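For clarity, every value in this text was computed on a predicted model and none was experimentally measured. Proteins get letters first, then strands, A, B, ... in listed order; numbering begins at 1 in each.
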Amino acid sequence: MTALVVPDRAWFTRDVHVVAYDLLGALLTRRTSQGAVTLRITEVEAYAGPADPGSHAFRGETARNRTMFGEPGRVYVYRHLGLHHCMNVVCSPPGEASAVLLRAGEVVEGVDLARARRAAAGVTRADVDLARGPARLTVALAVDRDDDGTDVTDPEGALVLRVPAEARDDRRVATGPRVGVSGDGGRADLFPWRAWLDGDPTVSAYRAAGPRRRRR
DNA sequence: GGTACGATTGTCT
DNA sequence: GACAATCGTACCT
């Protein structure tokens, strides 16, 4: 059993692919007045800043994505389709805006609380689905836009990440194209930046980005 | 000031 | 497998 440590800012200030890879299997704990929910991260996607057509940072810094352009180790939370929230961790120095999207995880602590949050959202599901998908993940953790900018390197914070102290890699990691990203000009093969723990039941189902139909 | 559209999900067929 | 839900943001006029 390897000891767990809270990574520092330097840990996040590395190549976005390396951070994404190292986030797999890491534990993310969410503390609220209701209690704690801990997630074992099983699926992530890398977004490489303004040079990456699939990234929100592609069109430069705006009020929405300001957090991505800020300090590494903070979470960037955005609202999608007016319904869901998705959560990223910034992993580049200020100005570079690289981030890793947390797509799925396994609830390893606080299952009852996560289950209650899903029920409150009007859906009852198998436990394996509690954080299976980026928006479900934020529901399980009760993360929303208000949590944008939270520092996960603060051991006393509302969101804390923990990773193995020693690199002991017995994980089976698979990689593939990102899900639902159409901003890559149809060249998803150039951006095979999704990574997941191979065979893990909590990994979300892959859906290729469909051809975008123009609306009338 | 208007409009197109999305790093998704749940439900229905 | 298709599609609606639903609203903030970016981009255009």
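Counting to the nearest Å, the P atom of B/dA7 and the CG atom of A/Asp148 are 16 Å from each other. Here the C1' atom of nucleotide B/dT9 and the CZ atom of A/Arg136 are 7 Å apart, to the nearest Å. A/Leu83 has its CG atom 12 Å from the P atom of B/dT8, to the nearest Å. The separation between A/Asp129 atom CG and B/dT8 atom P is 16 Å, rounded to whole Å. In this structure, CG of A/Leu101 is placed 8 Å from P of B/dT8, rounded to the nearest angstrom. The separation between A/Asn88 atom CG and B/dA7 atom C1' is 8 Å, rounded to whole Å. Spacing between atom CZ of A/Arg79 and atom C1' of B/dC5 amounts to 16 Å, rounded to whole angstrom units. Straight-line distance from the CE atom of A/Met87 to the P atom of B/dT8: 16 Å, rounded to whole Å.
In this structure, A/Arg118 reaches the B/dG10 phosphate: one of its side-chain N or O atoms is under 4.0 Å from OP1 or OP2. Distances shown here put a side-chain N or O of A/Thr62 below 4.0 Å from the OP1 or OP2 atom of C/dA10. At B/dT8, one or more side-chain N or O atoms of A/Arg103 fall inside 4.0 Å of OP1 or OP2 (strictly under the cut-off).
The pair A/Arg9-A/Asp151 counts as a salt bridge, with a side-chain nitrogen and a carboxylate oxygen less than 4.0 angstrom apart.
Distance from the side chain of A/Arg125 is smallest to B/dT11 among C/dT9, B/dT8, B/dT11. Closest to the A/Arg145 side chain, of the nucleotides B/dT9, C/dT9, B/dA7, is C/dT9. Nearest nucleotide to the side chain of A/Pro134, out of B/dG10, B/dT8, C/dA10: B/dT8. With B/dT8, C/dC11, B/dA7 as the choices, the nucleotide that has an atom nearest any side-chain atom of A/Ala135 turns out to be B/dT8.
The base-pairing partner of C/dT6, taking Watson-Crick or G-U wobble contacts with both distances under 3.5 Å, does not exist among the strands shown. With a cut-off of 3.5 Å on both Watson-Crick or G-U wobble distances, the partner of B/dA7 is given as none.
The neighbour count for A/Arg59 CZ, taken as heavy atoms of other residues, nucleotides or ligands under 6.0 Å away, does not exceed 12.
If you check distances only, the side chain of A/His56 does reach the base of B/dA7 with a donor-acceptor pair under 3.5 Å.
The shortest heavy-atom contact between A/Val160 and A/Arg31 is CG2-NH1, 3.7 Å.
Using C1' as the reference atom, C/dC3 and B/dC5 are 16 Å apart when rounded to the nearest Å.
Formation of a donor-acceptor pair under 3.5 Å by the A/Arg103 side chain with backbone atoms of A/Arg178 is not found in this model.
Both geometric conditions, a ring-centre gap below 5.5 Å and a plane tilt below 30°, are not fulfilled together for A/Tyr78 over the base of B/dA7.
In the hydrophobic clustering of ILVMFWY residues, with side-chain heavy atoms under 4.5 Å counting as a link, A/Tyr47 and A/Trp196 come out apart.
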